[in-house]
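In what follows, a single structure is set out as structure tokens and then discussed.
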Amino acid sequence: MAFNKQSCAATVPKNSNCRSCKSAKLFAILSLGNLPLANSLLNRGDDYKNEQHFPLDLVLCADCSLVQITETVDPKILFGEYLYFSSFSETMVTHALTIVERCIVTKKLGAQSLAMEIASNDGYLLQHYVERGIPVLGIEPAKNIAQVANEKGIKTKNDFFGRACAQHLADEGIFADVIHANNVLAHVAELNGVISGFKLILKPDGRIICESPYVKDMIDHLEFDTIYHEHLCYYSLTALVKLFDMHDLEIVDVERLSIHGGTLRIFAAHKGFVSPSANVVELLSEEKNWGVCELRGYSDFARRVESLQVDLLNLLNGLKAQGKRIAAYGASAKGSTLMNTFGIDQKILEFVVDRSTVKQGRFTPGNHLEILPPAALIEKKIDYALLLTWNFSDEILRQQAEFRTNGGKFILPLPVPKII
């Protein structure tokens, strides 16, 4: 593909086997070249020459249908210090509240229960349980974020969750009525360790609730920018059923959600405790029909991404030729993938804005754009803002009403570039 390929400053060994079932039947879907780590924001004065780049190649396991990247970057590099705080997104906080209220009712949770979340971030979800008097425990690998959660009164253990962590909890007699894992399984290198950990600490009648971006929506809606080094895996229900089954756990229900451009929410239990719902049976059948384990289901994805690159660059360069000023909204991981894959840099964009005060004043990886507060769109008289965090478009468009009233326009980059 004719993507902007950057030289690889550092490499790690590639997987030769599937991360889930260990099969060697891996087939190439898409290569995005060598890209910087999407959330590794830079400080003013950093030596950009030492910025690390890693291959970003997407493959399919023909045996279990798991779509995955081949590169594994040390999790301590990715998550030791993390700059994504979920509470900055109103959409995420509201989304979390909805499932918490539902779990409290359906599982009859109370003061003797325990709600856990894996990769609990700053407590954006668990805070809703705390407010209702239900004990919680978060497991969060990023030290800075775990500290924030604890300071908010949300009990959080700073650790990477896996079998060893779960065994330690079980030895202490800590077992969960409900385990939340939102957008966690996509980030995990040791998948089987995490799922076996779930098994260890789940009460006999407990539930595991996982949310992961749905691979079918990624393919259909051309959401290639959700591919980055933190996202090791891209799930179908078929892949999840096979993964959980290997650990004597069973997916008993599934829902398709619109959040993050298309998400699967699964409900799992100890095997044999509850029969799978009709939703599970129907979606597995749909996936078989569209070729979830076959390359035909993903065959033209790379071609469509290359076509999008041409269309988006033509739009942006055309606006620049007219003398329009363009910035970007959202210093996000997906934005990093899109900009660095397509070669969108300081020749096109003046800066990036983001609501997160933690990100403001830093610089984006790869193209090194300064991150400013959203007010800069108006202050610097920007005409167009490329909306990199398109998954929160409704929220952002509402928040940026003044920019739009003043004549500013947003550009949605995919699946087809569109000016709003």
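One is the number of the first residue; the rest follow in order along the sequence.
- Of the possible polar contacts, one joining the Gln68 side chain to the Leu66 backbone as a donor-acceptor pair under 3.5 Å is found.
- Using cut-offs of 30° and 60° on the angle between ring planes, the pair Tyr234 and His231 is perpendicular.
- Judged by distance alone, the side chains of Glu117 and Tyr124 do bring a donor and an acceptor atom under 3.5 Å apart.
- Judged by distance alone, the side chain of Thr405 and the main-chain N or O of Ala401 form a donor-acceptor pair under 3.5 Å.
- Asn121 places no side-chain N or O within 3.5 Å of a backbone atom of Ile145 that could act as its donor or acceptor partner.
- Between the side chain of Asp63 and the backbone N or O of Ser23 there is no donor-acceptor pair closer than 3.5 Å.
- No donor-acceptor contact under 3.5 angstrom links the side chains of Thr263 and Glu211, judged on distance only.
- Going from atom CD1 of Ile396 over to atom CZ of Arg355 covers 9.0 Å, rounded to the nearest 0.5 Å.
- Checked by atom type, the side-chain pair Thr72/Arg19 shows a donor-acceptor distance below 3.5 Å.
- Residues Ser65 and Ser236 approach most closely at OG-OG, 2.8 Å, considering heavy atoms.
- With hydrogens and angles ignored, the 3.5 Å screen pairs a side-chain donor or acceptor of Thr364 with a backbone N or O of Leu369.
- A heavy-atom distance below 4.5 Å is not found between the side chains of Leu30 and Asp57.
- Checked by atom type and distance alone, the side chain of Ser393 pairs as donor or acceptor with a backbone atom of Trp390 at under 3.5 Å.
- A salt bridge links Arg303 with Asp300; the closest basic N to acidic carboxylate O contact falls under 4.0 Å.
- Rounding to the nearest 0.5 Å places CG of Leu264 at 8.0 Å from CG of Leu257.
- Of all heavy-atom pairs between Val100 and His128, the closest is CG1-CB, 3.8 Å.
- Between the side chain of Ser196 and the main chain of Gly193, a donor-acceptor pair closer than 3.5 Å is present.
- Between Ala181 and Phe198, the shortest heavy-atom contact is CB-CZ, 4.0 Å.
- Between Glu350 and Arg325 there is a salt bridge, with a side-chain nitrogen of the basic residue lying less than 4.0 Å from a carboxylate oxygen of the acidic one.
- Not a single donor-acceptor pair under 3.5 Å links the side chain of Lys199 to the backbone N or O of Leu249.
- Relative orientation of the His180 and Tyr129 rings is tilted, given thresholds of 30° and 60° on the angle between their planes.
- Salt-bridge annotation for Glu370 and Arg44: present, with a side-chain N of the basic residue lying under 4.0 Å from a carboxylate O of the acidic one.
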Worked verdict on Asn50 versus Asp47 for side-chain hydrogen bond (donor to acceptor under 3.5 Å, both in side chains): CA-CA 6 Å; Asn50 291 328; Asp47 184 0; 2.9 Å; yes
ring-ring contact (aromatic ring centres under 6.0 Å, His included) between His229 and Phe54, worked out: CA-CA 8 Å; His229 297 99; Phe54 301 89; 5.7 Å; yes
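- Ring-plane geometry between Phe363 and Tyr48 is classed as tilted, the angle between the planes lying from 30 to 60 degrees on a 0 to 90 degree scale.
- Between the CG atom of Asn367 and the CD atom of Gln346 there is a distance of 7.0 Å, given to the nearest 0.5 Å.
- One distance of note links NZ of Lys324 with NZ of Lys409; it measures 7.5 Å at 0.5 Å rounding.
- The side-chain heavy atoms of Ile411 and Leu319, taken from C-beta on, include a pair separated by under 4.5 Å.
- For the atom pair OG1 of Thr70 and CG of Leu26, the computed distance is 9.0 Å after rounding to the nearest 0.5 Å.
- Scanning all heavy atoms of the two residues, the minimum distance from Gly297 to Ile219 falls at O-CG2, 4.0 Å.
- With contacts defined as side-chain heavy-atom distances shorter than 4.5 Å, the pair Ile179/Arg207 does not qualify.
- Taking CG of Leu316 as the reference point, atom CG of Leu349 lies at 7.0 Å (rounded to 0.5 Å).
- Ile348 is listed as a side-chain neighbour of Asn317, based on a closest heavy-atom distance under 4.5 Å.
- No option in Asp354, Asp46, Asn43 other than Asn43 meets the side chain to side chain donor-acceptor pair (under 3.5 Å) test with Arg362.
- The shortest distance between side-chain heavy atoms of Arg256 and Asp217 falls below 4.5 Å.
- A donor-acceptor pair under 3.5 Å links the side-chain atoms of Thr226 to the main chain of Glu223, judged by distance alone.
- Ion pairing between Arg102 and Glu255 holds under the 4.0 Å rule for side-chain N and carboxylate O.
- Salt bridge absent: Arg398 and Asp394 never bring a charged side-chain N and a carboxylate O closer than 4.0 Å.
- The backbone N or O of Ser336 lies less than 3.5 Å from a partner atom in the side chain of Asn340, making a donor-acceptor pair.
- A salt bridge links Arg132 to Glu101: one of the charged nitrogens lies within less than 4.0 Å of a carboxylate oxygen.
- Looking only at atom types and distance, the side chain of Glu131 has no donor-acceptor partner in the side chain of Gln127 under 3.5 Å away.
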